[in-house]
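Notes follow the structure.
One-based numbering, in listed order, for ligands and for the atoms of each.
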Amino acid sequence: AIERTFSIIKPDAVANNNIGAIYNRFETAGLKIIASKMVHLSKEQAEGFYAEHSERPFFGALVAFMTSGPIMVQTLEGENAVLAHREILGATNPAEAAEGTIRADFAKSIDENAAHGSDSVASAEREVAYFFSAEELCVRTR
Ligand code: CMP
């Protein structure tokens with residue numbers, strides 16, 4: 001089924017000038033970018049986005065990193081988009097990410113891991129809505 005998923009290009013990958021290379025991975029995989037913008041998260045925005053991790057030991061470091069510089073946020077659309085996107089991202093820890101995946105090629109640690117992708121259709125709905133209004137999601141008919 002055609003799904004939508006949510007993507008972040010994190011501060012490390014933006015700083016390393018890897019936005020275009022990562023967008024190329026999305027498009028090559030058949031994922032259409034239907035909304036996109038650059039944002040610099042406030043502490044409150046980062047804490048809200050990652051609220052499910054608030055009790056984890058890495059939460060403070062995660063929020064500090066995600067507010068350390070601008071990020072790109074995207075909504076991606078395509079066949080089986082949630083899983084297709086996670087497959088091209090690779091494992092959360094780049095040390096465990098398969099060869100040729102975004103995290104294997106652009107990330108240096110589990111904390112600075114270049115990109116985020118929704119883990120389910122339900123998370124994708126919440127995450128897309130966290131950053132984009134309905135009017136910002138462009139209908140792609142070709
Ligand atoms: P992300 O998909 O953005 O979701 C939460 C982030 O926390 C994750 O990517 C990692 O960058 C970071 N993180 C740091 N340590 C861990 C860990 N032990 N397990 C999962 N995520 C972690």
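By the 3.5 Å distance cut-off applied to N or O atoms, A115 is not counted among the residues near ligand 1. Not a single N or O atom of T92, backbone or side chain, sits closer than 3.5 Å to an N or O atom of ligand 1.
Of the possible polar contacts, none joining the K108 side chain to the D12 backbone as a donor-acceptor pair under 3.5 Å is found. A donor-acceptor pair is defined here as one N or O able to donate and one able to accept, closer than 3.5 Å; such a pair exists between the side chain of R126 and the backbone of F49. With hydrogens and angles disregarded, no donor-acceptor distance shorter than 3.5 Å links the side chain of E87 to the backbone of A84. Between the side chain of S118 and the backbone N or O of F6 there is at least one donor-acceptor pair closer than 3.5 Å.
Across every non-hydrogen atom of A98 and A104, the tightest pair is O-CB, 3.3 Å.
With ligand atoms numbered from 1 in the order given, ligand 1 contributes 2 (O) to contacts under 4.0 Å with heavy atoms of R103. The R56 neighbourhood of ligand 1 comprises atoms 19 (N), with distances under 4.0 Å to a heavy atom of that residue. Residue H53 approaches ligand 1 through these ligand atoms, each under 4.0 Å from one of its heavy atoms: 4 (O), 5 (C).
Regarding atom 14 (C) of ligand 1, its nearest protein heavy-atom neighbour is D111 OD1, 3.4 Å. Ranking protein heavy atoms by distance to atom 2 (O) of ligand 1, first place goes to H116 ND1, 2.9 Å. Given atom 6 (C) of ligand 1, the protein heavy atom at minimum distance is L62 CD1, 3.7 Å.
In summary, E27 and K32 do not engage in a salt bridge, as defined by a charged side-chain N under 4.0 Å from a carboxylate O. A salt bridge links E77 to R4: one of the charged nitrogens lies within less than 4.0 Å of a carboxylate oxygen.
Between K10 and ligand 1 there is a heavy-atom distance shorter than 4.0 Å.
By heavy-atom distance, the residue among F58, F59, F65, Y50 lying nearest atom 21 (N) of ligand 1 is F58.
In summary, the side chains of Y23 and Q74 do present a donor paired with an acceptor at a separation below 3.5 Å, with no hydrogens or angles considered.
Both the backbone and the side chain of I110 come within contact range of ligand 1, each with a heavy atom under 4.0 Å.
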